[in-house]
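Below is one structure, written out as structure tokens, with a few remarks after it.
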Amino acid sequence: MFGTVTALILRIFSNPFSNVLQKHLTINGCKPLSVNFFTYLGLSIFCLLFFNNNEITEITAEAYKYAILGGVFGAAGNGFLVSALEKGDLSILGPINSYKSIVALLFGIIFLGEIPTFAGAAGIVLIIYGSYFIFSTQKEGFTFHLLKRRDIQYRILALIFTAIEAVFIKSVIVNSNILTAFVFWCWFGALFSFIPVIIRHQPIVPSCKDLKELFLLLFTTGIMQWSTNYVFSTMNVSYALALFQLSIILSVVFGWKIFNEKDLKIKLLGSFIMVIGSAIIILFN
């Protein structure tokens with residue numbers, strides 16, 4: 001239990017920090033596809049330290065299959081996420097991620113046989129209801145007109161792809177272990193994120209002035225993914241993704257404090273409603 005709680009805290013804090021760095025890098029001239037690939041590449045180089053680890057070398061064909069599928073969806077999802085952050089507000093795009101739990105719930109039922117309890121489902125619904133208050137701060141309101149915005153489109157695609165990715169990551173963990181899942185996430189993510197970089201003729205290394213931010217992004221992303229894998233190993237994917245929504249409070253605060261985004265109070269209200277939904281899931285899981 002202590003390990004799970006610690007991993008949850010690390011995941012909740014590291015994710016918005018990574019988003020801040022991704023947004024700051026892209027609005028200062030770094031190409032989103034390059035930032036995405038460099039993150040995977042840097043972590044892949046770090047993973048070479050574990051290349052001869054027996055836990056990685058003794059793996060099944062099933063683990064390979066799910067790792068490849070996870071790499072495809074993960075690279076696409078993270079690519080769309082960075083592109084969305086370049087164009088939109090962190091305090092809006094962060095809470096959109098709450099819908100991931102619904103996507104993961106559906107795919108978790110199909111692929112993993114994870115059936116949520118009534119309380120778990122109610123908590124997820126409450127998380128989504130809280131997003132109504134956040135979206136009401138936009139000129140489009142909580143309507144389908146939001147879907148016409150490029151940043152919203154990219155963010156929705158990101159959450160769909162990463163929700164599917166989460167199911168495959170859990171499958172890799174089930175068929176191997178946490179370390180293997182992490183290494184494969186880095187390696188296959190680097191492979192599949194490299195393809196759009198070449199197609200779009202983007203630089204392999206982001207052209208930005210602050211290298212410290214790039215390497216800090218590697219650190220926060222590595223912590224985020226490792227803690228994600230640990231939590232996935234101890235609970236259902238749909239519940240884990242719902243609990244991860246606690247990080248949206250930090251996203252809203254960071255958006256207001258760092259990027260001067262507006263409507264802090266109403267966005268926090270919506271965020272706290274989502275937190276209540278997460279608390280329900282914790283108490284009744």
Side-chain angles (χ1 to χ4, degrees), residues 4 7-8 10-11 14-15 18 36-37 39-41 43-44 46-47 50 53 55-82 84 96-116 120 124 154-196 221-245 247:
T4 301
L8 272 171
L10 288 173
R11 174 56 170 75
S14 61
N15 184 62
S18 291
N36 186 41
F37 171 66
T39 304
Y40 281 115
L41 177 64
L43 290 173
S44 295
F46 170 75
C47 286
F50 308 106
N53 191 298
E55 291 184 354
I56 296 176
T57 55
E58 298 178 2
I59 55 178
T60 65
E62 286 291 298
Y64 272 118
K65 178 181 71 175
Y66 290 125
I68 292 171
L69 290 171
V72 172
F73 286 101
N78 286 309
F80 279 118
L81 172 61
V82 180
I96 288 179
N97 198 49
S98 63
Y99 288 89
K100 180 187 289 187
S101 55
I102 297 300
V103 177
L105 175 64
L106 296 176
F107 279 88
I109 292 173
I110 295 171
F111 291 101
L112 302 175
E114 296 180 350
I115 307 300
I124 291 173
Y154 285 165
R155 190 63 187 89
I156 292 174
L157 287 171
L159 77 89
I160 292 174
F161 285 130
T162 53
I164 299 172
E165 175 205 23
V167 176
F168 290 128
I169 289 174
K170 176 64 178 281
S171 298
V172 175
I173 294 172
V174 170
N175 286 278
S176 57
N177 50 69
I178 298 173
L179 176 60
T180 299
F182 177 78
V183 172
F184 279 6
W185 180 86
C186 298
W187 286 353
F188 285 112
L191 173 63
F192 293 112
S193 63
F194 180 64
I195 296 173
T221 303
I223 293 295
M224 179 194 70
Q225 192 57 42
W226 180 269
S227 58
T228 296
N229 288 3
Y230 189 96
V231 174
F232 281 173
S233 70
T234 61
M235 66 171 58
N236 285 1
V237 168
S238 57
Y239 292 154
L241 293 181
L243 293 174
F244 293 165
Q245 305 315 312
S247 65

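Numbering starts at 1 and runs along the sequence shown.
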Smallest separation among heavy atoms of [X] and [Y], with atom names:
{"X": "Ser233", "Y": "Ile173", "answer": "CB-CG2, 3.9 Å"}
{"X": "Ala63", "Y": "Val172", "answer": "O-CG2, 3.8 Å"}
{"X": "Ser247", "Y": "Asn15", "answer": "OG-ND2, 3.7 Å"}
{"X": "Ile96", "Y": "Ile156", "answer": "CG2-CG1, 4.5 Å"}

Would you compute the distance between atom [atom1] of [X] and atom [atom2] of [Y] and round it to the nearest 0.5 angstrom?
{"X": "Asn175", "Y": "Tyr66", "atom1": "CG", "atom2": "OH", "result": "6.5 Å"}
{"X": "Phe184", "Y": "Ser176", "atom1": "CZ", "atom2": "OG", "result": "7.0 Å"}
{"X": "Phe188", "Y": "Ile68", "atom1": "CZ", "atom2": "CD1", "result": "4.5 Å"}
{"X": "Tyr230", "Y": "Ile178", "atom1": "OH", "atom2": "CD1", "result": "6.5 Å"}

Which residues pass the side chain to side chain donor-acceptor pair (under 3.5 Å) test with Ser193, not counting sequence neighbours?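 Partners of Ser193 by the side chain to side chain donor-acceptor pair (under 3.5 Å) criterion come out as none, since no residue qualifies.
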Give a yes-or-no answer on whether the side chains of Asn78 and Tyr40 include a donor-acceptor pair shorter than 3.5 Å.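 Tyr40 and Asn78 do have a side-chain donor-acceptor pair below 3.5 Å.
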Going by atom types only, do Asn177 and Thr180 share a side-chain donor-acceptor pair under 3.5 Å?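 Side-chain D/A pair, Asn177 to Thr180: present.
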Which pairs, with at least one residue in residues 59-82 and sequence neighbours excluded, count as a salt bridge (Lys or Arg N to Asp or Glu O under 4.0 Å)?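 Listed once each, the pairs are Glu62-Lys65.
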Could you tell me which residues satisfy side-chain contact (heavy atoms from CB on, under 4.5 Å) with Ser44, sequence neighbours excluded, listed by chain and number?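 Cys186, Trp187, Ala190.
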Side-chain touch [X]/[Y], heavy atoms, less than 4.5 angstrom:
{"X": "Leu43", "Y": "Trp185", "result": "yes"}
{"X": "Glu165", "Y": "Thr162", "result": "yes"}
{"X": "Ile169", "Y": "Phe232", "result": "yes"}
{"X": "Leu243", "Y": "Met235", "result": "yes"}
{"X": "Thr228", "Y": "Phe244", "result": "yes"}

Check the angle between the aromatic planes of Trp226 and Phe182 and answer parallel, tilted or perpendicular using the 30° and 60° thresholds.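 Plane angle over 60°, so perpendicular.
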